[in-house]
Amino acid sequence: MSDQDGHQKSAGETSFRTRAIHVGNEIDPATGAVVPPIHLASTFRQPGAGEWGQFDYSRSGNPTRSNLQSTLASLESGVGALAFSSGMAAIHCVTMLLETGDHVVAGCDLYGGAYRLLHKICNRSGIDVTLVDMTDADAVAAAVNDRTKLIWAETIGNPRLTIPDLPALAAIAKQRGVIIGVDNTFGTPALVRPLEHGIDIVMHSATKYLGGHSDCLGGTLAVADQELLDRLYFIQNATGAVLDPLSCFLVSRGLKTLDLRIREQSRTALALAQWLEQHPKVRLVLYPGLESHPQHGLAAETLLGGFGAMVTFELDAGIEETAAVCESTELFHLAVSLGAVESLIEQPATMSHASYDAADRARFGITDGLIRLSVGLESFEDLRQDLARAIDAASQRDA
Ligand SMILES: *Cc1c(COP(=O)(O)O)cnc(C)c1O
């Protein structure tokens with residue numbers, strides 16, 4: 001049996017959309033409320049000294065956070081999930097599995113904050129990093145050495161929207177006894193569930209599609225193995241970067257419409273990418289749904305029901321004219337972040353990827369003419385006209 005998005009499911013199991021609404025959102029037994037109450041309590045009365053109830057202190061566990069974690073574990077096909085105060089806190093928790101002398105192999109098409117964490121914080125503990133092209137499984141295998149303890153990739157890379165072969169990477173990790181984690185922020189569990197491909201840890205910035213409305217920060221991890229979950233929970237509880245109850249509620253609410261949002265946003269993104277590809281001022285469009293994308297075939301196998309709502313393109317222009325386009329749109333807000341109902345535009349070289357060293361930006365194709373779009377839920381035609389006007393206005397200003 002498969003649900004409307006084409007993912008396999010076993011008999012008796014409800015589909016992704018149904019679970020997004022019902023799992024972790026059980027009726028409140030005290031009142032019958034169809035939306036569970038938000039539990040703001042920081043501490044919980046215990047049955048006796050040294051006897052513990054289900055909850056004791058909200059850093060260690062909170063009912064509103066547990067609800068969100070149940071929903072997420074179900075959506076990611078995991079045994080459990082953890083909710084953090086931000087996406088970076090979630091990645092940091094993963095890196096705290098490592099010790100001095102350990103080595104990380106990470107993708108070269110990597111979120112700027114993950115690059116900074118690995119190169120400017122983890123290095124202080126004597127952990128070193130090799131960046132490789134995650135679309136080249138042989139290069140990944142070659143980069144793994146005897147000290148490698150973690151492979152870190154993104155299901156859709158950032159900002160060049162590269163697509164790795166998840167089962168191939170999982171096989172390398174398994175063979176070498178290395179943990180493999182992927183950042184699925186751009187992919188979302190509606191389009192790809194990495195744990196089903198043999199990945200050990202799937203991470204999200206819940207700030208983006210899971211929340212979906214640009215109104216809260218959050219991060220999540222989900223895993224398929226109980227022992228790994230216990231190790232990550234120990235680190236989270238010991239270091240304290242948990243998600244607060246109000247933000248947990250907002251992410252839980254966002255998850256109920258995730259499937260609908262990402263599918264519709266992906267549809268608009270594909271139409272915009274096709275239009276941009278024909279535009280005379282556009283040198284290159286990077287969108288996994290275009291046949292011109294280097295991993296289009298793999299993307300069609302990996303991402304089910306849509307190619308995501310991020311579009312990156314390169315203008316035939318220098319840094320200033322590119323900046324002028326980003327500053328000239330009205331509907332697309334000039335801002336970092338992504339994944340919400342409102343569309344955003346940004347220049348990776350000066351914004352999301354400014355924390356890369358200049359040499360690495362050049363090496364990994366983060367050129368001055370690159371523009372990254374996060375396509376929201378506005379109508380295609382309004383977004384197209386907004387972009388068309390901005391590109392024309394900037395080239396006239398430049399002429
Ligand atoms: C935003 C983002 C992060 C970091 O998440 P925060 O919630 O901002 O800490 C990590 N990875 C990707 C791909 C992101 O877009």
Checklist entry - Would you find a donor on one side and an acceptor on the other, under 3.5 Å apart, between the side chain of His119 and the backbone of Tyr115? => result yes
Item to check | Residue list, side-chain hydrogen bond (donor to acceptor under 3.5 Å, both in side chains) with Thr155, at least two apart or on another chain | outcome: Asn184
Checklist entry - Taking the side chain as C-beta and beyond, is there a heavy-atom pair between Arg19 and Thr71 under 4.5 Å? => result no
Item to check | Sequence-distant partners of Phe44, ring pair (Phe, Tyr, Trp, His ring centres under 6.0 Å), two or more places apart | outcome: Phe55
Next on the checklist: Please enumerate all residues that pass side chain to side chain contact (heavy atoms under 4.5 Å, CB included) together with Ile319, with sequence neighbours excluded.
Outcome noted: Gln347, Thr350, Asp368
Checklist entry - Above 12 or not: heavy atoms from other molecules or residues under 6.0 Å from CD of Glu381? => result yes
Checklist entry - Does the side-chain contact (heavy atoms from CB on, under 4.5 Å) test come out yes or no for Ile27 and Val34, once each step is laid out? => result CA-CA 5 Å; Ile27 294 292; Val34 299; 3.8 Å; yes
Checklist entry - Should Val105 and Leu117 be counted in the same cluster of Ile, Leu, Val, Met, Phe, Trp and Tyr side chains packed under 4.5 Å apart? => result no
Checklist entry - Heavy-atom count around Glu291 CD within 6.0 Å, excluding the residue itself: above 12? => result no
Checklist entry - Should Leu150 and Asp102 count as side-chain neighbours, where that means a heavy-atom distance under 4.5 Å? => result no
Next on the checklist: Do Gln274 and Gln278 pair up side chain to side chain, a donor and an acceptor below 3.5 Å, judged on atom types alone?
Outcome noted: no
Item to check | For His39, all residues meeting side chain to side chain contact (heavy atoms under 4.5 Å, CB included), sequence neighbours excluded | outcome: Pro37, Asn62, Pro63, Thr64
Checklist entry - Would you call Arg160-Asp109 a salt bridge at under 4.0 Å N-O? => result no
Checklist entry - For residues Thr329 and Asp386, is any side-chain donor paired with an opposing acceptor at under 3.5 Å? => result no
Item to check | Donor-acceptor pair, side chain of Glu26 and main chain of Gly24, under 3.5 angstrom | outcome: yes
Checklist outcome for this item: Between the SG atom in Cys122 and the NE2 atom in His92, the distance rounded to the nearest 0.5 Å is 6.0 Å
Item to check | Side chain proximity check, Met310 to Leu338, heavy atoms < 4.5 angstrom | outcome: yes
Next on the checklist: Rounded to the nearest 0.5 Å, what separates atom CG in Asp316 from atom NE2 in His279?
Outcome noted: 11.5 Å
Next on the checklist: Between Thr312 and Leu373, does the side-chain contact (heavy atoms from CB on, under 4.5 Å) criterion hold? Intermediate values first, please.
Outcome noted: CA-CA 6 Å; Thr312 299; Leu373 304 176; over 6 Å; no
Checklist entry - Does the side chain of Val251 come within less than 4.5 Å of Leu72's, by heavy atoms? => result no
Checklist entry - Where do Val144 and Val178 land on the side-chain contact (heavy atoms from CB on, under 4.5 Å) test, with the steps shown first? => result CA-CA 9 Å; Val144 172; Val178 175; 4.2 Å; yes
Next on the checklist: Quick one: does any side-chain atom of Glu342 pair with a main-chain N or O of Gly376 as donor and acceptor, under 3.5 Å?
Outcome noted: no
Next on the checklist: Please say yes or no: joined through hydrophobic side-chain contacts below 4.5 Å, possibly via intermediate residues, are Ile91 and Ile180 part of one cluster?
Outcome noted: no
Next on the checklist: I need the minimum non-hydrogen distance between Tyr287 and Gly308, along with the two atoms involved.
Outcome noted: OH-O, 2.5 Å
Item to check | Closest heavy-atom pair and its distance - Ala89, Phe84 | outcome: O-CD2, 3.8 Å
Next on the checklist: Does Arg384, at its CZ atom, have more than 12 non-hydrogen atoms belonging to other residues, nucleotides or ligands within less than 6.0 Å?
Outcome noted: yes
Checklist entry - Looking only at side chains, do Thr148 and Asn145 share a donor and an acceptor under 3.5 Å apart? => result yes
Checklist entry - Does Asp360 come within less than 4.0 Å of Arg363, counting only side-chain N to carboxylate O? => result yes
Item to check | Atom pair CG (Leu228) and CD1 (Ile179), whose distance is rounded to the nearest 0.5 Å | outcome: 5.5 Å
Checklist entry - Within the distance-only criterion (no hydrogens, no angle test), does the side chain of Tyr209 pair as donor or acceptor with the backbone N or O of Arg261 below 3.5 angstrom? => result no
Checklist entry - Taking everything shown except Arg389 itself, do over 12 heavy atoms lie less than 6.0 Å from its CZ? => result yes
Item to check | Pairwise side-chain contact, Glu154 with Thr162, heavy-atom cut-off 4.5 Å (strictly under) | outcome: no
Checklist entry - Between Val285 and Ser292, is any pair of side-chain heavy atoms under 4.5 Å apart? => result no
Item to check | Polar side-chain atom of Arg65 near backbone of Val242 as donor-acceptor pair, under 3.5 Å | outcome: no
Checklist entry - Arg263 side chain to Gly306 main-chain N or O, any donor-acceptor pair under 3.5 Å? => result no
Item to check | Under the side chain to side chain contact (heavy atoms under 4.5 Å, CB included) test, residues paired with Pro348 that sit two or more places apart | outcome: Pro159, Glu346, Ser352, His353, Ile366, Leu370, Arg372
Item to check | Distance (rounded to the nearest 0.5 Å) between Asp165 CG and Gln295 CD | outcome: 10.0 Å
Next on the checklist: If you compare all heavy atoms of Ala106 against all heavy atoms of Val129, which two are closest, and at what distance to 0.1 Å?
Outcome noted: CB-CG1, 4.3 Å
Checklist entry - Distance from Asn67 atom CG to Leu255 atom CG, nearest 0.5 Å? => result 12.0 Å
Checklist entry - Do you know the tightest heavy-atom contact between Ala222 and Leu195? => result O-CD2, 3.9 Å
Checklist entry - Taking side chain as C-beta onward, heavy atoms only, is Leu243 less than 4.5 Å from Thr220? => result no
Item to check | Which atom of Ala190 lies closest to which atom of Asp259, heavy atoms considered | outcome: CB-OD1, 3.7 Å
Checklist entry - Do Asn25 side-chain atoms and Ile21 backbone N/O form a donor-acceptor pair below 3.5 Å? => result yes
Next on the checklist: If hydrophobic clusters are built from ILVMFWY residues whose side chains come within less than 4.5 Å, do Leu82 and Val182 share one?
Outcome noted: no
Checklist outcome for this item: Between Met203 and Trp152, the two heavy atoms sitting closest are CB-CH2, 3.6 Å
Checklist entry - Given Ile371 and Cys326, is the side-chain contact (heavy atoms from CB on, under 4.5 Å) satisfied, shown in steps? => result CA-CA 8 Å; Ile371 292 179; Cys326 297; 3.9 Å; yes
Checklist outcome for this item: Residue set satisfying side chain to side chain contact (heavy atoms under 4.5 Å, CB included) with Glu264, at least two apart, ordered chain then number -> Arg267, Thr268, Leu377
Checklist entry - Under a 4.5 Å side-chain heavy-atom rule over Ile, Leu, Val, Met, Phe, Trp and Tyr, are Met96 and Leu232 clustered together? => result yes
Checklist entry - Is there a side-chain contact between Phe186 and Leu161 (heavy atoms, below 4.5 Å)? => result yes
Checklist outcome for this item: In Asp200, Val202, Asp230, Ile201, the residue satisfying side chain to side chain contact (heavy atoms under 4.5 Å, CB included) with Val223 is Ile201
Checklist entry - Is a donor on one side and an acceptor on the other found under 3.5 Å between the side chain of Ser74 and the backbone of Ser70? => result no
Next on the checklist: If hydrophobic clusters are built by linking Ile, Leu, Val, Met, Phe, Trp and Tyr wherever their side-chain heavy atoms come under 4.5 Å apart, do Ile156 and Leu298 end up in the same one?
Outcome noted: yes
Next on the checklist: Keeping Ser374 on the side-chain end and Leu344 on the backbone end, is there a donor-acceptor pair under 3.5 Å?
Outcome noted: no
Checklist entry - Just by modelled atom types, is the Pro288 backbone N or O under 3.5 Å from a matching donor or acceptor in the His296 side chain? => result yes
Checklist entry - If you round to the nearest 0.5 Å, how far is CZ of Phe313 from CG of Leu272? => result 9.5 Å
